[in-house]
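No hydrogens, no waters, no symmetry mates; every other heavy atom, side chains included, goes into these values. A note on names: the letters A, B, ... follow the listed sequences, proteins ahead of strands, and every chain is numbered from 1.
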Amino acid sequence: GENVGLHLPTLSVQEGDNSIINCAYSNSASDYFIWYKQESGKGPQFIIDIRSNMDKRQGQRVTVLLNKTVKHLSLQIAATQPGDSAVYFCAEKLADNNDMRFGAGTRLTVKP
Amino acid sequence: NAGVTQTPKFQVLKTGQSMTLQCAQDMNHEYMSWYRQDPGMGLRLIHYSVGAGITDQGEVPNGYNVSRSTTEDFPLRLLSAAPSQTSVYFCASRRDQGRYGYTFGSGTRLTVV
């Protein structure tokens with residue numbers, strides 16, 4: 001079947017730099033995408049979402065970009081802080097299915 | 001407002017034992033799910049429910065049962081624990097319409113020996 005995937009399993013950045021976490025998906029029928037953040041020992045936490053009729057959505061210090069042509073999703077974190085260190089998951093929802101499929105995750109480490 | 005509450009946080013079982021992982025939410029969410037999280041494999045859906053009295057299988061349902069007698073509670077039962085069920089289990093809930101972002105519990109770390 002088609003799966004959500006990630007380009008990079010780990011990412012290390014300096015505090016204050018911008019971070020970009022990428023996600024490749026192969027299911028063209030997906031109509032909704034979410035980024036989650038998971039800190040050690042905790043459950044995933046919703047960060048930002050985007051529908052397939054959009055190509056960009058901004059939140060506080062975060063931006064999600066969606067490129068449906070190449071089936072690519074990215075999460076940009078501005079001015080990365082130590083508190084941003086976590087595993088980040090992308091998830092997709094198929095248009096005809098109620099549930100979400102999650103990628104394996106990217107571990108972001110922020111160096112002071 | 002507690003969100004999604006899971007108990008216990010940690011559990012060790014012997015092979016063949018049974019147990020129930022509890023999950024409760026106080027947000028009046030229609031949709032609830034159980035996921036397991038294994039290293040390098042992301043979150044995989046075990047069972048889900050779109051409302052009280054309705055449950056369905058997810059990606060990896062074998063060895064697990066669920067029931068949804070109330071909107072608030074969605075327990076997960078391990079019928080006969082196996083070492084392959086060693087994992088971290090997350091319960092999550094969301095509204096059925098509109099945005100589909102889940103609220104997750106803090107997880108149950110289960111070890112089967």
Side-chain angles (χ1 to χ4, degrees), chain A residues 1-10 21 23-27 29-54 57 59 62 64 73 75 86-107, chain B residues 2-10 21 23-25 27 29-51 54-61 66 74 87-109:
Chain A
E2 295 178 304
N3 297 303
V4 174
L6 286 170
H7 290 158
L8 299 173
T10 61
I21 301 171
C23 177
Y25 67 97
S26 57
N27 198 322
S30 295
D31 65 350
Y32 182 75
F33 304 88
I34 299 178
W35 280 101
Y36 285 92
K37 172 186 180 183
Q38 185 176 25
E39 296 174 280
S40 181
K42 297 183 179 180
Q45 179 183 10
F46 176 96
I47 301 173
I48 191 168
D49 59 356
I50 188 168
R51 295 196 178 279
S52 58
N53 61 354
M54 303 172 67
R57 191 154 190 254
V62 296
V64 55
L73 189 70
L75 177 70
V87 176
Y88 290 82
F89 296 92
C90 66
E92 64 177 338
K93 187 190 82 65
L94 300 179
D96 60 352
N97 189 305
N98 270 331
D99 216 273
M100 308 293 297
R101 287 295 179 101
F102 289 81
T106 293
R107 181 173 299 281
Chain B
V4 178
T5 302
Q6 286 185 240
T7 56
K9 293 191 182 299
F10 301 94
L21 307 185
C23 176
Q25 53 95 4
M27 297 169 286
H29 285 172
E30 299 92 348
Y31 204 100
M32 297 185 75
S33 298
W34 275 101
Y35 289 87
R36 61 177 288 173
Q37 185 174 38
D38 301 298
M41 300 189 71
L43 292 158
R44 292 185 292 167
L45 181 65
I46 304 171
H47 286 284
Y48 66 97
S49 168
V50 300
I54 306 169
T55 63
D56 208 342
Q57 296 181 349
E59 185 183 357
V60 288
V66 291
F74 191 44
S87 187
V88 181
Y89 292 84
F90 288 101
C91 179
S93 73
R94 63 165 173 83
R95 294 208 176 277
D96 192 34
Q97 301 296 327
R99 300 174 76 181
Y100 295 91
Y102 275 116
T103 298
F104 281 85
S106 58
T108 296
R109 183 174 295 276

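- At most 12 heavy atoms of other shown residues, nucleotides or ligands fall within 6.0 angstrom of atom CZ in B/Arg109.
- To the nearest 0.5 Å, atoms CE (A/Met100) and CG (B/Leu45) are separated by 11.5 Å.
- Remark: aromatic rings of A/Tyr36 and B/Phe104 are close, center separation under 6.0 Å.
- Contact annotation for A/Gln38: only side-chain heavy atoms (C-beta onward) come within less than 4.5 Å of a heavy atom of chain B.
- The shortest distance between side-chain heavy atoms of A/Phe89 and B/Gln37 falls below 4.5 Å.
- Only the side chain of B/Tyr35 comes within contact range of chain A, with heavy atoms under 4.5 Å apart.
- Take A/Phe33 and apply the ring-ring contact (aromatic ring centres under 6.0 Å, His included) test, not counting sequence neighbours, and it matches A/Tyr25.
- Every residue two or more places apart in sequence or in another chain was checked for a salt bridge (Lys or Arg N to Asp or Glu O under 4.0 Å) with B/Asp56, and none qualifies.
- Contact annotation: the side chain of A/Pro44 approaches that of B/Phe90 to within less than 4.5 Å [non-hydrogen atoms, C-beta and beyond].
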